[in-house]
Amino acid sequence: MSTPVLVAVAWPYANAEIHVGNITGAYLPADIVARYHRLKGNRVLMVSGTDSHGTPVTLRADAEGKPVEEVYKRFHESFLDLFQKCGLTYDLFTTTHTENHFKVAQSVFLALLKNGYLYTETRPQWYSPALNRFLPDRYIEGTCYLCGYEHARSDQCDKCGNVLEPEKLLNPRSKVDGSTPELRETEHYYLDLSKLEPEVARFLRERQHYWRETVSRQTLGQIESEGLKSRPITRDLDWGIPVPVQGWEGKCLYVWFEAVIGYLSAPVEWANLHGLGDVWKDWWVNPESRTIYFIGKDNIFFHAAWWPAQLLGMGETFMEIFTGEKGQKLVLPYDVPANQFMNLEGDKISGSRNWAVWGHDFLSRYDPDPLRYYLTVNMPEMRDTDWDWEDFYKRNNDELVATWGNLANRVLSFAVKHFEGKVPDPGPLTALDEDILRRVEAGFESVSAELEAVHLRNALGTAMALATEVNRYLDQTAPWKEIKTDRQAAARAIYTALRCIDSLSILLSPFLPFSSEKLHQYFGYEKPLFGKQATRTVQDSLGEHTVLLYDPDDASGRWEPSQLQAGQPLQAPQPLFKKLDASIVEEERARLHAQRKS
RNA sequence: GGCGAGGUAGCUCAACGGUGGAGCAGUGGACUCAUAAGCCAUUGGUUGUGGGUUCGAAUCCCACCCUCGCCA
């Protein structure tokens with residue numbers, strides 16, 4: 001039974017590079033789950049893209065004196081490169097700056113408008129004559145009219161904690177260039193979230209029993225105490241998606257409203273790029289489909305309340321507008337397994353202070369699988385965790401290398417050396433052999449259960465515990481002793497251990513795809529476990545953009561126990577992982593402190 | 001300020017009303033196929049603080065302290 005699984009991954013914003021906290025927060029868990037479901041034979045679509053619009057990108061472009069397209073594309077290209085190096089197998093990683101996304105987002109807007117969930121309101125907004133544009137409240141500071149604090153944000157004072165009315169701020173100035181802004185009246189569309197509140201609350205309660213408490217309790221708690229309040233969904237900006245209403249030129253859809261629609265537009269683009277027409281409906285209209293959203297805790301309210309509200313508000317109208325079909329609703333989120341945050345050496349990760357382990361920088365010195373291993377065993381699933389170089393070094397050497405890498409290496413080396421480079425013929429198996437095979441093969445159930453629940457640290461821990469059991473089995477059967485007196489007993493033990501390792505390689509492959517792929521080759525299999533990643537440049541009316549794609553054609557991996565046959569030729573193995581020198585701990589810490597800005 | 005999450009062995013976590021557990025690190029031992037890895041044994045905790053409920057509390061209640069996120 002093949003289930004459609006939409007793996008919806010947070011869209012990185014185009015004004016910062018990606019660090020290990022971003023990877024463990026959303027991108028890596030998404031990839032692990034996607035790879036697992038592919039091995040299970042489910043129809044996986046993993047999508048995301050660069051969130052390219054909004055004020056921060058335009059201000060950055062202003063500061064650099066460059067076209068805004070150039071700025072977003074620079075980050076976008078960097079993301080594409082990093083994701084390939086990490087083995088993050090997006091079926092499509094695109095951007096919000098595409099003709100397709102514009103069309104889908106505008107259709108969502110029109111569906112909500114038609115269904116009566118949008119209204120307009122005119123309010124004063126800060127305008128910078130110097131920059132010739134409106135500025136969001138957080139870019140304006142001034143003196144608090146309540147406590148006199150001189151560096152209050154226009155919407156809130158950090159000193160006295162009060163929420164401020166922006167137009168009452170004293171001595172306002174732009175945080176961008178220090179110039180004095182003025183208030184101008186401007187009209188915007190608002191999404192009437194209060195109307196949708198009962199439905200959103202029901203949606204959350206229905207899923208509360210299996211969602212993470214950190215997600216459902218926070219969202220429901222907030223709604224119950226303060227209610228869902230309306231939010232503006234348009235902005236005075238020229239970089240973004242135009243509001244599809246006559247007379248609204250010069251205004252764009254607000255990024256909070258528009259970027260999440262990427263989860264819907266990306267499958268549409270994916271289907272178009274593959275010439276598959278409306279097959280995207282398998283994930284978006286089919287009620288059997290599971291849509292799982294991988295995000296960090298800062299994004300919980302967006303994905304657990306506002307995005308469901310948008311989907312509920314659209315009802316069947318989106319499909320009527322977008323494809324002309326009636327009676328078809330989009331599916332609501334199945335799960336939002338948001339992660340907490342990862343800190344770094346005891347301090348909060350901060351891009352602006354350059355206190356971060358950056359993805360590209362890490363991979364210039366280390367391999368991707370040790371990164372994936374450490375980020376998984378230390379994933380902030382329930383609470384914040386800490387990246388600690390000492391811990392990284394130990395877990396690499398004492399767990400990844402010692403328990404798993406060494407197991408594969410010792411058994412394969414022994415087989416190559418003593419059994420002519422082939423899987424030995426075991427003859428009849430003993431109860432001990434059957435027992436270890438059964439235990440490892442039970443992993444296809446137990447690891448599965450943890451993965452389905454998105455308990456990834458437990459899933460990896462369960463698989464690693466099986467590697468320890470195989471090490472124990474080897475100690476009991478001691479083929480290095482038997483080979484001297486009872487060749488058949490040694491053959492039996494090595495065959496059994498090889499079959500266990502072959503199974504473990506599958507169980508670990510969602511977490512450690514690069515080394516499992518290598519191991520798969522050492523076992524003499526011709527086809528790879530997973531497919532290939534590739535980029536492609538796409539033209540549309542907005543220009544061109546590069547996308548990352550996943551080609552599953554050669555993938556042969558199956559979430560099933562090894563069927564290893566005696567006589568299969570083996571390759572002489574190389575160690576799967578590098579043992580690290582203790583000196584890296586101090587080197588990396590010194591590097592961090594040297595790059596840090598105050 | 002409001003809404004939430006978390007504070008358990010040196011480290012990372014599990015127990016969510018019934019004698020505080022696991023992995024890693026540490027210590028001791030036998031082995032040698034393997035990246036001096038693996039295996040066996042073992043040290044280690046007034047469960048953030050102070051109260052309360054209970055025959056019994058890490059677990060429930062109250063107050064406080066600390067960390068973190070969200071508040072459109």
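A, B, ... follow the sequence lines: proteins, then strands. Residue 1 opens every chain.
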In whole Å, measure the gap between the [atom1] atoms of [N] and [M] for me.
| N | M | atom1 | value |
| --- | --- | --- | --- |
| C60(B) | C24(B) | P | 30 Å |
| G56(B) | A22(B) | C1' | 25 Å |
| C13(B) | A63(B) | P | 28 Å |
| C16(B) | C65(B) | P | 30 Å |
| G4(B) | U43(B) | C1' | 40 Å |
| U19(B) | G28(B) | C1' | 28 Å |
| U59(B) | G48(B) | P | 8 Å |
| C40(B) | A30(B) | C1' | 8 Å |

Phosphate OP1/OP2 of [N]: any [X] side-chain N/O under 4.0 Å:
| X | N | answer |
| --- | --- | --- |
| Arg383(A) | A14(B) | yes |
| Arg410(A) | U35(B) | no |
| Lys579(A) | A37(B) | yes |
| Arg217(A) | C3(B) | no |

Determine which nucleotide pairs with [N], using a 3.5 Å limit on both distances of a Watson-Crick or G-U wobble pair.
| N | value |
| --- | --- |
| A9(B) | none |
| U42(B) | G26(B) |
| G4(B) | C68(B) |
| U47(B) | none |
| A36(B) | none |

Under 3.5 Å: donor-acceptor pair, side chain of Lys251(A), backbone of Glu187(A)
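Present.
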Counting distance only, does the side-chain N/O of Ser505(A) pair as donor-acceptor with the main-chain N or O of Ile501(A) below 3.5 Å?
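Answer holds: no.
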Rounded to whole angstrom units, what separation is found between the [atom1] atom of [X] and the [atom2] atom of [N]?
| X | N | atom1 | atom2 | value |
| --- | --- | --- | --- | --- |
| Trp480(A) | U32(B) | CH2 | P | 9 Å |
| Asn409(A) | A36(B) | CG | P | 10 Å |
| Phe414(A) | C31(B) | CZ | C1' | 14 Å |
| Lys484(A) | C31(B) | NZ | P | 12 Å |
| Trp389(A) | U12(B) | CH2 | P | 17 Å |
| Asp298(A) | A5(B) | CG | P | 18 Å |
| Glu390(A) | A25(B) | CD | C1' | 9 Å |
| Asn396(A) | A37(B) | CG | P | 12 Å |

Under 4.0 Å, counting only non-hydrogen atoms across every strand here, what does [X] touch: a base, just sugar-phosphate, or nothing?
| X | value |
| --- | --- |
| Lys394(A) | sugar-phosphate |
| Ser230(A) | base |
| Gly227(A) | base |
| Ile494(A) | nothing |
| Pro479(A) | nothing |
| Ile483(A) | nothing |
| Glu226(A) | base |

Closest to the 5' end of RNA chain B, once Leu220(A) and Met379(A) are matched to their nearest nucleotides, is Leu220(A)
Closest nucleotide of RNA chain B for Ala467(A) versus for Phe341(A): which of these residues is on the 5' side?
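Nearer the 5' end of the strand: Ala467(A).
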Should the pair [X]-[Y] be classified as a salt bridge under the 4.0 Å nitrogen-to-oxygen rule?
| X | Y | value |
| --- | --- | --- |
| Lys518(A) | Asp369(A) | no |
| Arg589(A) | Asp388(A) | yes |
| Asp435(A) | Arg438(A) | yes |
| Arg492(A) | Glu482(A) | no |

Taking the side chain of [X] as heavy atoms from C-beta outward, which of [options] is closest to it?
| X | options | answer |
| --- | --- | --- |
| Val401(A) | C31(B), A5(B), U35(B) | U35(B) |
| Arg395(A) | U12(B), C13(B), G69(B) | U12(B) |
| Met382(A) | A14(B), U12(B), G69(B) | A14(B) |
| Phe577(A) | U35(B), U32(B), C40(B) | U35(B) |
| Lys348(A) | C31(B), A34(B), C68(B) | C68(B) |
| Asp475(A) | C68(B), G2(B), G38(B) | G38(B) |
| Arg457(A) | G38(B), C68(B), C13(B) | C13(B) |
| Gln222(A) | C70(B), C39(B), A5(B) | C70(B) |

Name the one of Tyr119(A), Phe109(A), Tyr254(A), Trp256(A) that satisfies side-chain contact (heavy atoms from CB on, under 4.5 Å) with Leu191(A)?
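Answer after filtering Tyr119(A), Phe109(A), Tyr254(A), Trp256(A): Trp256(A).
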Is U54(B) syn or anti, taking syn as a glycosidic angle within 90° of 0?
anti
Return the OH to CG distance between Tyr127(A) and Leu183(A), rounded to the nearest 0.5 Å.
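These two atoms lie 13.0 Å from each other.
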Looking at Tyr293(A) versus Trp211(A), is the centre-to-centre ring distance below 6.0 Å?
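Aromatic pair excluded; centres sit 6.0 Å or further apart.
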